[in-house]
There are 2 protein chains.
Amino acid sequence: MLEAQSMQLMVADRLRARIIAGDLETGVGLSEIALAAEYGVSRTPVREALKQLQTEGLVEIRPRVGTFVSTPTRADIVELFQMKEILEGAAARLFAARGEIPELEALRRNLETSDEAVARGDVAGYAAQVGDFHDLIVRGSGNRKLVTHYTMLMNQLAYPRLVATSLSRPGRLGESDAEHGRVLAMIVAKDEWTAERLMREHVRASQEALLGAMVFAGDADARS
Amino acid sequence: MLEAQSMQLMVADRLRARIIAGDLETGVGLSEIALAAEYGVSRTPVREALKQLQTEGLVEIRPRVGTFVSTPTRADIVELFQMKEILEGAAARLFAARGEIPELEALRRNLETSDEAVARGDVAGYAAQVGDFHDLIVRGSGNRKLVTHYTMLMNQLAYPRLVATSLSRPGRLGESDAEHGRVLAMIVAKDEWTAERLMREHVRASQEALLGAMVFAGDADARS
DNA sequence: ATATGTTCACTTGCATGCAAGAGGACGTGA
DNA sequence: TCACGTCCTCTTGCATGCAAGTGAACATAT
């Protein structure tokens, strides 16, 4: 399963995962020859993988200089959150219009698991559910273009890393879970516009919780 | 200006333009070696250009088989129009919140030119303004991520080719121009949510005019 | 005539060699 | 000590050679 596909796809997938997870230090460090040696391939597939990651917005290729992990500026982060709110809001609305689909049942199970995690005060457990919740909303839109571009944008945000931070604010855990529940209720009720509004408000609340927590955390990411 | 940048960028730009304009027949026909000969370069830059166009959704690379111009299915087109409505609606809202920016003055000039074209019954002249109008709205959002992803999605639609078709319905020309004017008025009035609503309604009306015209035109594009 | 097995031309995937440019290190002068 | 000019190493950009897989044409057997 690891070697079956093409080399460039393997390199691209692994590099993408490492960048999102934050394993790769931002700034310098992506030499084609070094990566080629690391993955046991030649420069060519590495090169093509890097080119794809560039159009995905994850790395920046400076001609004749080098390839670097993209460092989102503060303005980038603001824009990405705007896009998150727009796309997830629209997705919730489209979801609500579709009625009973497999994603809806998955969403109900997600809420049950989340409620239990909150009841236990299990932040890590809840954080894991949050990612699934948002992915389910987006996939439940039934619009594959939306899913694709949403994924690309959230990869630029390295969102999974941020969720835990946003939940560190006292009381945010329960608020977030309650907001999820209200969104689900509106989807079940097929109230498209209220679903969109609540989803947007939820995204904005999460963003504010995150930005607030980041200030106190000393601005771990996002150097200007 | 044509040869200054890198070869792969030139090839990518030219190919993209040809695909959007419809010069390249959909389906088969993008051999790396043929394109290399045509542009006077080797396979390598052609290959990298094709890879980029693939992640942009314009071509499809089937491993060991060949590269083909992507043919949007009917479902793809529906999804793309949904995205167009979502993104342009959000852009109009963000635009309205920004007040006096250079794009606003450009938008006023665009409307004047459009009004004159409509008064003359100049369909081609108006069609040219339509593209600019929508681009100005999107760029006026002030969100570069929105601009980037909107552009990618509209490239997949090969939108410029479709505008003329959508305007072929009797009376649509004046309707479209009037809708543009109302959107502009709401942006000037800084009424964010009405701007978004009117913009979305405009996009939907254009889509319906297009789909209606395409049925009568014998479904020139969009084979399933 | 139809179905089937085989071959073959053509495609892209990957490896490697060479060239050109960028940026820093280093030496030199004041 | 500081400013400046030169060189040198390292980077990617492009060209090319080889290998492997695909799909269709073709011959063959039923």
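A, B, ... follow the sequence lines: proteins, then strands. Residue 1 opens every chain.
The side chain of Ser42(B) places an N or O atom within less than 4.0 Å of a non-bridging phosphate oxygen (OP1 or OP2) of dA15(D). Between Arg47(B) and the phosphate of dG13(C), there is a side-chain N or O to OP1/OP2 separation shorter than 4.0 Å.
Nearest to the side chain of Pro45(A), among dT12(C), dT11(D), dC14(C), sits dC14(C). Comparing atom distances between the Ile61(B) side chain and each of dG23(D), dG13(D), dG13(C) picks out dG13(C) as nearest. Of the candidate nucleotides dC14(D), dG23(C), dC18(D), dC14(D) has the atom nearest to the side chain of Thr44(B).
A donor N or O paired with an acceptor N or O is found under 3.5 Å between the base of dT12(D) and the side-chain atoms of Arg64(A).
Between the CD atom of Glu32(A) and the P atom of dG17(C) there is a distance of 16 Å, rounded to whole Å. Rounded to whole angstrom, the span from the CD1 atom of Ile33(A) across to the C1' atom of dG17(C) amounts to 12 Å. Straight-line distance from the CZ atom of Arg43(A) to the C1' atom of dT12(D): 6 Å, rounded to whole Å. Phe68(B) places its CZ atom 8 Å from the P atom of dT12(C), with the value rounded to the nearest Å. Summarising the geometry, the separation between CD on Gln5(B) and P on dC14(D) is reported as 11 Å, rounded to the nearest angstrom. Look at CD on Gln54(B): it is 12 Å from P on dT12(C), rounded to the nearest Å. Regarding Gln8(A), its CD atom lies at a distance of 14 Å from the C1' atom of dA15(C), rounded to whole Å. Between Met7(B) atom CE and dC14(D) atom P the separation is 7 Å, expressed in whole Å.
Around CD1 of Ile33(B), the count of heavy atoms belonging to other residues, nucleotides or ligands within 6.0 Å does not exceed 12.
Ring-plane geometry between Phe133(B) and His180(B) is classed as parallel, the angle between the planes falling under 30 degrees on a 0 to 90 degree scale with a further cut at 60.
Within the nucleic acid shown, Glu48(B) has no heavy atom closer than 4.0 Å to any nucleic acid atom.
For the 3.5 Å distance criterion, the side chains of Gln52(A) and Glu48(A) fail to qualify, holding no donor opposite an acceptor.
Comparing Arg62(A) and Gly66(B), the nucleotide of DNA chain C nearest to each residue sits closer to the 5' end for Gly66(B). Across the interface with DNA chain C, nearest-nucleotide mapping of Val41(A) and Leu50(B) shows Leu50(B) to be the residue nearer the 5′ end.
Judged by a 6.0 Å distance limit and a 45° cone about the ring axis, Lys145(B) is not positioned over the six-membered ring of Phe81(A).
We find the CD1-CG distance between Ile137(B) and Leu107(B) to be 5.0 Å, quoted to the nearest 0.5 Å.
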